[in-house]
There are 2 protein chains.
Amino acid sequence: MREKTLEEYLNCPFHLAMNTLEGKWKFAILYVLLDKGTLRYKELERAIPDISTRMLVKELKHLEAKGVVNRKAYATVPPTVEYSLSTIGKSLKPVIDSISDWGKMYAKAVG
Amino acid sequence: MREKTLEEYLNCPFHLAMNTLEGKWKFAILYVLLDKGTLRYKELERAIPDISTRMLVKELKHLEAKGVVNRKAYATVPPTVEYSLSTIGKSLKPVIDSISDWGKMYAKAVG
DNA sequence: TGAAGTAATAACACTTTTGTTAGTAATGTT
DNA sequence: AACATTACTAACAAAAGTGTTATTACTTCA
């Protein structure tokens with residue numbers, strides 16, 4: 001069997017998925033959007049205590065670029081921008097549940 | 001409903017599980033050990049091209065400390081140290097599969 | 001006129017993660 | 001006597017991730 005290159009390791013489906021899950025804040029954003037559906041930027045900020053503007057904007061842009069989050073802007077004053085999960089974003093739910101379930105199981109197992 | 005604190009966000013089951021999955025190399029280590037069962041340190045090193053000694057040692061220690069990996073040392077010369085997955089480590093397989101499956105699906109969906 | 005509100009952006013600093021290079025101990029093999 | 005082998009360790013450097021602070025534009029409300 002052929003050796004896997006570093007490229008293949010890092011661009012494998014696992015890491016592709018991890019791109020939308022890893023880091024300090026992505027889970028919180030996905031969790032809130034899964035729970036609430038559609039939220040304005042400010043509502044997201046309030047729903048995720050302690051996140052900085054910088055990180056919230058950065059992660060939203062990242063998730064939008066990946067097609068996981070939808071962004072809709074309205075020409076109001078003050079501005080209105082709504083964020084929600086795309087269809088593919090919503091499909092992350094069972095993955096997130098699988099990860100969380102293991103975490104619960106692990107917490108019990110190790111005490 | 002009470003507000004979640006930052007602590008609760010970061011020590012939640014999701015992030016607890018992510019501790020054993022995230023980063024550049026943990027997946028490769030888990031993947032190889034799931035596939036091959038038990039491997040000596042040097043065999044792991046050879047099975048994961050481009051990983052540095054530093055990172056391999058560091059991640060193995062981390063995973064061992066989390067109870068995910070077992071380490072067994074023999075008093076030979078040169079040293080023999082065998083690594084394998086613990087029972088709870090093996091239980092990560094369906095989680096890893098779930099993440100990878102989403103990655104495959106995503107790759108098809110976005111082209 | 002001035003303050004309040006929303007959705008950002010930019011510059012800089014700090015922290016965490018990862019990489020690089022060099023080296024160690026012990027013994028069997030050449 | 002020198003060398004290869006294994007499983008590491010330590011010091012330092014670079015890169016990536018995250019945090020802090022200040023600032024913007026526009027309009028409505030006080």
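As the structure is a computational prediction, the values presented were derived from the model and not from experiment.
- To the nearest angstrom, P of D:dA16 lies 14 Å from CG of A:Asn19.
- Classification of B:Lys72 and B:Glu82 as a salt-bridged pair fails, no side-chain N sitting under 4.0 Å from a carboxylate O.
- Among the protein residues, A:Tyr74 comes within range of no part of the nucleic acid, since none of its heavy atoms lies under 4.0 Å from any strand.
- At whole-Å resolution of the value, CZ in B:Phe27 and P in C:dT18 are 16 Å apart.
- Looking at heavy atoms from C-beta onward, A:Leu21 lies in side-chain contact with A:Ile99 at the 4.5 angstrom threshold.
- Whole-Å rounding puts the A:Met55 CE to D:dA16 C1' distance at 11 Å.
- Taking every heavy atom of both residues into account, B:Gly103 and A:Leu16 meet most closely at O-CD2, 3.7 Å.
- Considering only residues two or more places apart in sequence or on other chains, A:Lys104 meets the salt bridge (Lys or Arg N to Asp or Glu O under 4.0 Å) condition with A:Asp101.
- Residues of residues 56-73 of chain A having a heavy atom closer than 4.0 Å to DNA chain C, listed by number: A:Val57, A:Lys61, A:Arg71.
- Rounding to whole angstrom units, OH of residue B:Tyr83 and P of D:dA7 are separated by 8 Å.
- Nearest-nucleotide mapping onto DNA chain C: of A:Val81 and B:Arg54, the residue sitting toward the 5' end is A:Val81.
- Distances shown here put every side-chain N or O of B:Arg46 at or beyond 4.0 Å from the OP1 or OP2 atom of D:dA7.
- Rounded to whole angstrom, the span from the CD atom of A:Glu45 across to the P atom of C:dA8 amounts to 10 Å.
- Between D:dA16 and B:Lys24, no contact under 4.0 Å exists linking OP1 or OP2 to a side-chain N or O.
- Taking the six-membered ring for Trp and thresholds of 30 and 60 degrees, A:Phe27 and A:Tyr31 have ring planes inclined between 30 and 60 degrees apart.
- Taking five base pairs at each end of the helix from C:dT1-D:dA30 to C:dT30-D:dA1 and finding the rotation axis that steps the C1' atoms of four pairs onto the next four gives two axes whose angle is 30°, to the nearest 10°.
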Dump the pairs, protein N or O against N or O of nucleotides 22-29 of chain D, anything under 3.5 Å, distances to one decimal.
none

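- For B:Leu85 against B:Lys90, the heavy-atom pair with the smallest separation is O-CE, 3.7 Å.
- No side-chain heavy atom of B:Lys108 sits less than 4.5 Å from a side-chain heavy atom of B:Met105.
- Between A:Arg40 and C:dA7 there is a side-chain polar atom (N or O) within less than 4.0 angstrom of OP1 or OP2.
- Considering only residues two or more places apart in sequence or on other chains, B:Val57 meets the side chain to side chain contact (heavy atoms under 4.5 Å, CB included) condition with B:Tyr41, B:Thr53, B:Lys61.
- Between B:Tyr41 and D:dT9 there is no side-chain polar atom (N or O) within less than 4.0 angstrom of OP1 or OP2.
- Atom CG in A:Asp50 sits roughly 9 Å away from atom P in D:dT20 (whole-Å rounding).
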Scan the side chains in residues 63-70 of chain B for donor-acceptor partners under 3.5 Å anywhere in the protein, sequence neighbours excluded, and list what turns up.
none

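- A:Ile51 places its CD1 atom 10 Å from the C1' atom of D:dT18, with the value rounded to the nearest Å.
- Between B:Lys36 and B:Glu43 there is no side-chain heavy-atom pair separated by less than 4.5 Å.
- The two residues A:Ala73 and A:Val81 have their closest heavy-atom pair at CB-CG2, 4.1 Å.
- A donor-acceptor pair under 3.5 Å links the side-chain atoms of B:Ser91 to the main chain of B:Ile88, judged by distance alone.
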